[in-house]
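Input: a single structure, listed below in structure tokens.
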Amino acid sequence: MNDAEALALGDLPVKAVPPQRVSRRVPLWSYPATYLLMGINIAVFVVMFFFGPVPALIHQHAWGSIITAPFDVDTLLRFGATASPLIQHGEWWRLVTGTFVHVTILHIALNLWCLWNLGLFGEPLLGKRGLVAVYLLTGTAGMMLSYAWSLISGQVVLVAGASGAVFGIAGILIVLLSNRKLAMPWDELRGLRRQVIFFAVANLVIGMAPGMLGMASASHLKLVHLDPGMLPRIDNSAHMGGFLSGLALGLPLFPRMTSGRSRYRARQKLTFAFGALLLCLVWYALSKFV
């Protein structure tokens with residue numbers, strides 16, 4: 001996904017303006033919320049690093065295994081990964097902290113690359129606080145759907161990563177970039193939206209691939225030189241939860257995007273507060289009735 005052209009939407013127009021090409025580019029350091037979220041993820045991973053397998057692999061010169069070497073379960077739990085049995089025992093905060101914990105170097109690299117690209121699109125549309133709110137709300141919604149599915153299926157689930165939040169940002173961008181009244185030519189807006197849709201669809205398909213391959217017999221996988229034990233475990237329910245909640249958050253914001261900064265910000269606060277309340281109610285229902 002290419003770097004986004006400046007949308008001139010950090011200061012949303014007071015009223016609809018005729019489409020015009022925006023030649024100005026916003027400097028990369030003008031996205032503080034994007035870098036804050038990336039920084040928190042990196043800081044958590046750096047602290048975890050010394051409890052993981054990579055230092056030993058470096059000492060052994062096992063360079064080929066470094067980027068895919070996973071942390072053990074105890075380390076992931078210590079730093080806040082989402083684990084269904086612990087959530088059942090009241091550790092609900094893991095639904096939030098799990099969005100900042102990653103399993104491997106490759107895992108965090110891919111998620112932060114996606115977060116950076118989507119943040120360049122999303123922060124001008126949502127503002128600094130808005131982007132952080134969407135990350136937290138949609139990431140938590142993704143973890144909550146994963147937890148609900150674990151209760152329904154009777155499986156023990158351990159989930160970690162920012163991908164649910166990344167899908168949530170993609171979901172809300174698909175809605176917001178559909179507004180023809182934004183101060184940018186419709187062809188360019190449609191092109192940006194197409195990129196985000198492609199990202200979401202492609203990653204959902206990638207997320208389903210390991211499960212489909214896992215249904216194949218071990219002998220068939222060996223024919224294509226795949227080890228069943230090495231297939232990544234990708235929780236698409238967390239992706240879907242983040243994506244659908246992002247779409248839902250975007251719908252009430254859509255009609256206020258070009259009605260002036262104060263009205264748009266007021267609608268954001270109301271939407272995000274209602275989203276947080278709804279998540280609390282869903283959590284209460286899961287903890288009491290499921």
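The structure presented is a predicted model; accordingly, all values stated were derived computationally and were not measured.
Side-chain polar atoms of T34 and E123 form a donor-acceptor pair below 3.5 angstrom. For the residue pair W116 and Y35, a side-chain donor N or O sits within less than 3.5 Å of a side-chain acceptor on the partner.
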Check step by step if side-chain contact (heavy atoms from CB on, under 4.5 Å) holds for T140 and W283.
CA-CA 10 Å; T140 302; W283 161 246; over 6 Å; no
Worked check of ring pair (Phe, Tyr, Trp, His ring centres under 6.0 Å) between F100 and Y135:
CA-CA 10 Å; F100 295 98; Y135 181 100; 5.2 Å; yes
Quick one: do L77 and R94 satisfy side-chain contact (heavy atoms from CB on, under 4.5 Å)? Show the steps, please.
CA-CA 9 Å; L77 293 178; R94 291 182 179 273; 4.1 Å; yes
Y31 and L36: side-chain contact (heavy atoms from CB on, under 4.5 Å), yes or no, with the steps?
CA-CA 9 Å; Y31 301 89; L36 172 65; over 6 Å; no
Given side-chain contact (heavy atoms from CB on, under 4.5 Å), test L118 with F199 step by step and report yes or no.
CA-CA 10 Å; L118 291 173; F199 158 83; 3.7 Å; yes
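The closest donor-acceptor contact from the side chain of T271 to the backbone of L249 lies at 3.5 Å or more, if one exists at all.
At least one side-chain heavy atom of L176 sits under 4.5 Å from a side-chain heavy atom of L126. Looking at heavy atoms from C-beta onward, L247 lies out of side-chain contact with L251 at the 4.5 angstrom threshold.
Each of V196, I197, I172 was evaluated against L177; a single residue qualifies, V196, per the side chain to side chain contact (heavy atoms under 4.5 Å, CB included) test. The side chain to side chain contact (heavy atoms under 4.5 Å, CB included) with L112 is formed by just one residue from the set I42, L37, V166, N117; it is I42. Tested against F45, the residues F71, F50, F79 include a single ring pair (Phe, Tyr, Trp, His ring centres under 6.0 Å) partner, F71.
Nearest heavy atoms, P252 versus A248: CD-O, 3.1 Å. The minimum heavy-atom distance linking M257 with L125 is given by the pair CE-CD2, 3.6 Å. Here the closest non-hydrogen pair linking I174 and S178 is O-OG, 2.7 Å. Residue N41 comes nearest to T99 through the heavy atom pair OD1-O, 3.4 Å, listed as atom of the first residue, atom of the second, then distance. What you find for A33 and K128 is that their closest heavy atoms are CB-O, 3.4 Å. Here the closest heavy-atom approach between residue N179 and residue F254 is recorded as ND2-O, 3.2 Å.
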